[in-house]
Amino acid sequence: MPEGTEHRRVTLTVNSQTYEVDIEPRRTLADVLRDQCGLTGTHLGCEQGVCGACTVLIDGSPARSCLLFAAGFENREITTVEGREHDPVLAKVQQVIIEEDALQCGFCTPGFVVLLTGLIHMDWKGDESDLAAAMSSNICRCTGYQGLMRAARRLLEPTADSTSDQV
Amino acid sequence: MSDSLIGTQHEVVGGPDRYVTGAGCYIADLASVIGEATLFVVRSDVSHGRLVNVGLDEVRRAPGVIAAFSASDVRADLGSVPVIEPRISVSPVIIPFLQPVIAVDRVRYVGEPVALIVAVDRYFAEDAATLVELEIEPLDSVVDSREASGSIQLFDLDNEVARIESSFGDAAAVFQTADVVETLTITVGRHSGVPMETRGLVAEPGPEGSLTIYGASKVVHANQKALAGMLGLSTESIRMREVDVGGAFGIRGEFYPEDFLVPWAAKMLNRTVSWVEDRREHLLSANQSRDQIHVASIAADERGRLLAISTEFWIDSGAYIRTVGLRVADLTLGEIPGPYRFESYSGVAHCVVSNRTPTGTYRSPGRFESSFVRERMVDRVAARLEIPGDEIRRRNLIRVSDMPYRSGIRSAGKEVVLDSGDYVSLFERVHGRTKALADELQHVTSRDESEKVGYATGCFIEKSGLGPFEDAIIEVRDDGTVDVLTGASYLGQGLQKALSNVVSKALGIPVDSVHIVRVDTDRIDVGIGTYASRSLVMSGSAVHLACQELLRVALELAAEEFEVGTEDLIYDCGRISTRGAPDFAMSLGELSQRRSKQSPMGEGLTARARFDKESVTYGFGSHGAVVVTNARTGIVHVKHLVLGYDAGALIDEGVVVGQLQGGALQALGGALFERFSYDNVGNPLATTFMDYLLPTASEAPSMEVVLASSMPLDNPLKARGVGEAGIPAVAAAIASAVESSLACGATLHSTPIMPEAVWELANT
Ligand code: FES
Ligand code: FES
């Protein structure tokens, strides 16, 4: 960091591990996870809050780490795609994504893995079109979503409802 | 340092477990891990202007800045500012329109590089960028491609770069006398690949002026040569390496200004420099595509026999002609008649420049456009004659008995010869399935009455397997597993799975024993690359031949070893044994160890082969769409797509299905949502994902794949490429399905099909 830059020591808890980082207040959580913590599984697809590639869990709920400042997340529990040891749900989601052939280039995959993990933690409920809406938090450019939706259905079992055929 | 940058496990294309756990190594990950100097490109915020001054003094004094450069520094180093040469479709007329690697005295689009800042990281580079004294004297902008021959010029030349023609038969005469002639102006909007991973590069200087470039893709060897030429280095002194790629779709991996600027800065500073663009930069500066306005006509007789088709179209190339030259115009011209028996055709393309981002090839170039135009025109005939669209198609598709079918048309410099496939039967399967899905949907009773179901099917010809050649090298490791190298680029498209299957089948070894190695010019010195759906056919065939060669060499070695003739040897699943003497056996791994002990350079068992081919592998396809149109809002929801393609022999069905579905959703995006719009002075309006709308899971229809498998004879795998076959007729089928839902004629004429156009159709 260049001379005279304002910075402070911040302690982050990521995947049950403690990271002490010396950062400027303006650094986003995504950048700190990637550049300071070495957790490059959290991807940046837009840094505009739209694509969801940067999704992490904050205390179990999905959040877009490109829009958050890292310095505000001391004493919170952060989970990234690398956290399968610390969160068995993550490992399960990863397995189902593989089984359903839900990826091609893999760039969006961490975001979807974490999103689905978060939805399971939040005890998400809804019908098929709600599920598509929930999955629309993130963007995949390769697969056409067929495998991702199969994986989501398996993991979240949408409720059948009379209107689900409706358009 | 090179080898420490990429863990050795990343030289091999990963399996899904790498990507689901976040262990992939994309270019930004490499840049992050090495944490070295970051390059930031300062870009023009004016669409057209004279570049008067680029002042960098204050920038150079800013915190965290290592260096800053403008065109004058490039000129001081190299004597001139290089332009980016075309890789294909080379023609003298385009020379004045090529892009300099950094703007010299004129800027021509918003996003054009004007200066470089190298800093400790991107935060400080962006801070410093606010200190650039950039003086641009604005000029009027060219924004309408059909008026591009007007008074404002981008290059002090006419803005029309070229006028290209293609024809067969005497279309003019047919139009004079035909029973029915229909004419329509059709616009195909500007959209592009927009991979989820933005572009990036890492350039690392080595001994004696050498450079290693990470992040290469698509046409790695061509770019190696281009860069070497620009920097005045020998090709061998540049090593290009691929890392994980987050989607490419034809646009990633072409030679862009940054492909020069990043290595050049690394060389100037003699330190590793990385560059990763942000999304806004991507949307401003990576190749855009499509963007054509056609005035098309079609002639038919009263029974619906199609006689002639013609189009005069304007293709907006953006501010410069980039690496693919005039290829998109050429491909569009070559594909207009498509799979129908037209007697005559006439096409004229006007390639023009404008003050918009330059363009290039995006997945299915020329086919999305030509199929939209052709199928719209076929629907016009159907509407005019009150014959169903499927019936018109059925009557006019090229038949097996017409093959080999040669209309005389050329595409990408080669005659189009349609030599295999039963078009009518695949069309019937796709159409039947589409209709059945629509009928099912009709029976859902709970629908709002303003919601109308419609369906339609379009047809296309898809090209794949473009030559001229590709090489493959197979190297057996001591443990009997094999490394496979080709010139193909692994873009996240599943090619590695398909190639692993080819090897596994040819050598009888498990798929897990096959390591597909990423392109590294130090390990494979020639290659063409991955585009035009060529890699399965070209690299796949080369791999197939290399496996055969490997077996031949292995048998010879074993014969020497056991002192028997090769005819006494049996090869089975990675093991060679001697007939009648089962103890005399050796695995491929053992043979390789033996070989490396004997050979002077220590190389083990390896084989290399080349697959050449002149022909283009053509295949037929048909896409069906079932839509629900809301007549009150004009919103179209595509419920089903049926994707039919004659893929030939299936190397890996999962990959084929994935490619067709992924492509189809991109086409759906282009059909309904995606648009690079510009204001009337050339300012781009789609610079975020809030404005450039990509389809999400909510917009994704269910997608069924219907495959035919007539075998093309021009490659040993008997396969057709499938990378682009999900795209061509999707937009056309959606347009027609919307009209069918509203029971109106064929009048939709633009992509993206906007709700206001549909609303108008429903309410007039
Ligand atoms: S990178 Fe955060 S939403 Fe796209
Ligand atoms: S797999 Fe490539 S973006 Fe989703």
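Throughout, a chain's letter reflects where its sequence line sits, starting with A, and its residues are numbered from 1.
The 12-atom threshold is not exceeded at CG of A:Asn75, counting heavy atoms of other residues, nucleotides or ligands nearer than 6.0 Å. Heavy atoms of other residues, nucleotides or ligands lying less than 6.0 angstrom from CD of A:Glu74 number more than 12. Heavy-atom contacts from other residues, nucleotides or ligands closer than 6.0 Å to CD of B:Glu449 number 12 or fewer.
With a threshold of 4.5 angstrom between heavy atoms, A:Met135 approaches chain B through its backbone and through its side chain. At a 4.5 Å heavy-atom cutoff, the contact between B:Ala28 and chain A is made by backbone and side-chain atoms alike. Residue B:Val453 does not touch chain A at all, counting heavy-atom pairs closer than 4.5 Å. Contacts between B:Pro701 and chain A at a heavy-atom distance below 4.5 Å involve the backbone alone (N, CA, C, O). Contact of A:Gln95 with chain B is not made at all, since no heavy-atom distance falls under 4.5 Å. Heavy atoms of B:Asp121 lying under 4.5 Å from chain A belong exclusively to its side chain. Of the two parts of B:Thr687, only the backbone, made up of N, CA, C and O, holds a non-hydrogen atom closer than 4.5 Å to a non-hydrogen atom of chain A. In this structure, chain B has a heavy atom under 4.5 Å from the side chain of A:Leu103, while its backbone stays farther away. Using a 4.5 Å cut-off between heavy atoms, B:Pro195 contacts chain A through its backbone alone, with no side-chain atom that close. Only the side chain of B:Val120 comes within contact range of chain A, with at least one heavy atom under 4.5 Å from a heavy atom of that chain.
To the nearest 0.5 angstrom, B:Leu694 atom CG is 12.0 Å from A:Ser136 atom OG. For the atom pair B:Met196 CE and A:Cys46 SG, the distance stands at 6.5 Å (nearest 0.5 Å). Atoms CD and CG, on A:Glu47 and B:Asp278 in that order, are 6.0 Å from each other to the nearest 0.5 Å.
Between the side chain of A:Gln94 and the backbone N or O of B:Val20 there is at least one donor-acceptor pair closer than 3.5 Å. Looking at B:Arg279, its side chain does come within 3.5 Å of a backbone N or O of A:Gly45 through a donor-acceptor pair. Judged by distance alone, with hydrogens and angles left aside, the side-chain atoms of A:Gln48 form no donor-acceptor pair with the main-chain N or O of B:Met690 at under 3.5 Å. Checking side-chain atoms of A:Tyr145 against main-chain N and O of B:Ser702 turns up no donor-acceptor pair under 3.5 Å. In this structure a side-chain-to-backbone donor-acceptor pair under 3.5 Å is present from B:Ser32 to A:Arg34.
Ranked by heavy-atom pairs shorter than 4.5 Å toward chain A, the options B:Gly662, B:Ala697, B:Gly22 are led by B:Ala697. Among B:Thr198, B:Leu665, B:Leu283, B:Thr696, the residue with the largest count of heavy-atom pairs under 4.5 Å with chain A is B:Thr696.
Using a 4.5 Å heavy-atom threshold, the side chains of B:Phe124 and A:Thr5 count as touching. Within the 4.5 Å cutoff, the side chain of B:Glu197 has no heavy atoms near those of the A:His43 side chain. In this structure, the side chains of B:Pro695 and A:Arg141 come closer than 4.5 Å at one or more pairs of heavy atoms. For the pair B:Tyr19/A:Cys105, no side-chain contact is recorded, criterion being any heavy-atom separation below 4.5 Å from C-beta on.
The existence of a salt bridge linking A:Asp35 and B:Arg122 is excluded, since no basic side-chain nitrogen approaches an acidic carboxylate oxygen closer than 4.0 Å.
Cation-pi check for A:Arg26 over B:Tyr123 is not met; the charged atom does not lie both under 6.0 angstrom from the ring centroid and within 45 degrees of its normal.
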- Tell me, with the steps shown, if A:Val81 and B:Thr21 meet side chain to side chain contact (heavy atoms under 4.5 Å, CB included). CA-CA 6 Å; A:Val81 69; B:Thr21 55; 5.7 Å; no
*Take A:Ile98 and B:Asp17, measure what side chain to side chain contact (heavy atoms under 4.5 Å, CB included) needs, and give me the verdict at the end.*
CA-CA 7 Å; A:Ile98 294 175; B:Asp17 37 332; 4.1 Å; yes
